[in-house]
Amino acid sequence: MKKQTRLTALLLSLLLLAGCAAAPTATSPSPSASPEQTAGTGGTRTITDAAGRQVEIPETVSSVVCVGVCTLRYTTYLQAQNLAVGVESDEVGAPITKPFSYFNQDLFASLPVTGNNGETYDEEILKADPDVIVANTDADSAQALQDKTGIPVVVVPLNEGMFDDNVFQILSILGEVYHREDRAEELASYLKGIQADLADRTAGVADADKPTVYVSGVSFKGSHGFEGTEAGYAPLAAISGVNLADTTGQTGAFSLDPEQVLTWDPDVIFVDFNGLSLINEDYASNPDFYNSLTAVKEGRVYSQISFRYSATNTELALADAYYMGKVLYPEQFADVDIAAKFDEIFQTMLGVEDAYAQYQAAGYQFKEMTLGG
């Protein structure tokens, strides 16, 4: 993208903000900004984004603004978070269940807010003056944002699963944008290795020997109690578990009539921490319902650390899958130390040390659950 185009857009925005009269202030980007601040370094190159658009970007991308879910998360997975020059408002003060943001709070809280959950603050983006905008959006919206700001916009897809094609497409596109192809290949190889490991461990288990499972407390469009469940629940699918929600004909997360769970009487129940407080409240007023379930009576209720916060936090979903494996197939997962595996995943994905201890300190851990406690 031509430097002149971007400077023109910047100046127009500043004039509008100042009532078309005031000169740039000391905190406003100056038209005399260096090439490194305005257009990366060196020449340009053209990449193909997830929307099939041909986008001209600087040869070296030195700064980025990420728009929408998955964009900053995967930038962080690629160890490129230091390129960010602005963040969306929900990245500031994020909880530990949004790990990529939580473990980068010192950085993200220091940056200007350039949007909110996919909504762009165009003037703030222009002030931040990134080399590239990475966005989870459609082609038309991306082109409109690019035309308005004069900044190249690269589209990446949304990812809701663990090993979906979108995961590897995001890694590939952003690896190319940031010239972190080696890191992208390292992560892709690691994820495929885990996918194979989880599948191989359970491949020999006959369907008749697999416990039936109900996953409760799953969040979608807010928190849900015992009725909140999910068909195709990714950690359970990764170990070929028998998810009773899959028998309903539903897809994704949804609310289920709890009486159906009584009819199923699952062998094992998992509880997502996001819905635990609501489940405990309901237990207090309706203990007979829960205590009539065999899994509750026999102590086969276990935790899941919430992995979906602004789409899928892959590192948490991977850890959930290994814990489910240890519960459902103890022989096949006997060699897995869940705390060590958790730490390995977080070290590989985010470079975070001793992650499991930090989650335990925050009240999140893999354990047998006592409802109503």
Side-chain angles (χ1 to χ4, degrees), residues 66 68-81 84 87-88 90-105 107-108 117-118 134 136 156-164 166-171 174 184 187-188 190-191 194-195 198 215 217-224 228 230 232-238 252-253 270-276 303-324 338-339 341-360 362-366:
C66 294
V69 296
C70 292
T71 55
L72 186 57
R73 175 182 290 116
Y74 277 78
T75 295
T76 303
Y77 289 162
L78 288 167
Q79 301 172 338
Q81 63 267 34
V87 294
E88 296 188 318
D90 61 353
E91 305 304 346
V92 180
I96 200 169
T97 47
K98 194 177 185 181
F100 80 92
S101 187
Y102 177 84
F103 288 110
N104 284 284
Q105 270 306 287
L107 171 61
F108 294 165
N117 195 28
V134 174
N136 166 235
V156 295
L158 174 67
N159 170 53
E160 291 281 13
M162 286 167 58
F163 306 116
D164 300 355
N166 284 357
V167 171
F168 302 104
Q169 186 180 22
I170 299 171
L171 289 174
L174 294 188
L187 283 178
Y190 181 71
L191 291 173
I194 285 186
Q195 182 181 26
L198 292 170
V215 183
V218 175
S219 294
F220 59 97
K221 298 179 180 178
S223 297
H224 291 266
E230 182 171 351
Y233 186 74
L236 188 54
F270 286 95
V271 176
D272 187 315
F273 272 110
N274 271 352
L276 179 59
S303 63
Q304 284 280 275
I305 299 177
S306 316
F307 70 84
R308 188 167 290 114
Y309 192 117
S310 298
T312 296
N313 292 285
T314 303
E315 61 283 358
L316 285 174
L318 298 177
D320 282 335
Y322 274 100
Y323 181 62
M324 280 188 149
I338 193 64
K341 194 66 180 180
F342 194 103
D343 285 348
E344 173 209 299
I345 291 167
F346 270 70
Q347 172 59 40
T348 303
M349 299 292 293
L350 290 173
V352 174
E353 301 283 352
D354 301 319
Y356 192 62
Q358 296 184 62
Y359 273 80
Q360 286 180 300
Y364 297 94
Q365 60 183 309
F366 294 122

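FYI, the numbering just counts along the sequence from 1.
- Under the rule for a side-chain hydrogen bond (donor to acceptor under 3.5 Å, both in side chains), Tyr323 has no partner lying at least two apart in sequence or in another chain.
- With sequence neighbours left out, the side chain to side chain contact (heavy atoms under 4.5 Å, CB included) criterion links Gln169 to Ala50, Pro157, Asn166, Ile173.
- Residues passing the side-chain hydrogen bond (donor to acceptor under 3.5 Å, both in side chains) test with Ser306, sequence neighbours excluded: Asp272, Asn274.
- Legend: residues meeting ring-ring contact (aromatic ring centres under 6.0 Å, His included) with Phe346, ordered by chain and number and at least two apart, are Phe342, Tyr359.
- Listed by chain and residue number, Asp90, Glu91 satisfy the salt bridge (charged side-chain N to carboxylate O under 4.0 Å, His left out) test with Lys98 (two or more places apart in sequence, or in another chain).
- When the ring-ring contact (aromatic ring centres under 6.0 Å, His included) test is applied to Phe108, no partner is found at least two apart in sequence or on another chain.
- Applying the side chain to side chain contact (heavy atoms under 4.5 Å, CB included) test to Ala188 and every residue at least two apart in sequence or in another chain returns Phe168, Leu171.
- Looking at residues two or more places apart in sequence or on another chain, you find no side-chain hydrogen bond (donor to acceptor under 3.5 Å, both in side chains) involving Thr348.
- Residues satisfying the side-chain hydrogen bond (donor to acceptor under 3.5 Å, both in side chains) criterion with Gln79, sequence neighbours excluded, are absent altogether.
- When the side chain to side chain contact (heavy atoms under 4.5 Å, CB included) test is applied to Tyr102, the partners found at least two apart in sequence or on another chain are Ile96.
- Residues passing the side chain to side chain contact (heavy atoms under 4.5 Å, CB included) test with Ala253, sequence neighbours excluded: Val218, Phe220, Glu230.
- Glu344 pairs by the salt bridge (charged side-chain N to carboxylate O under 4.0 Å, His left out) definition with Lys341, not counting sequence neighbours.
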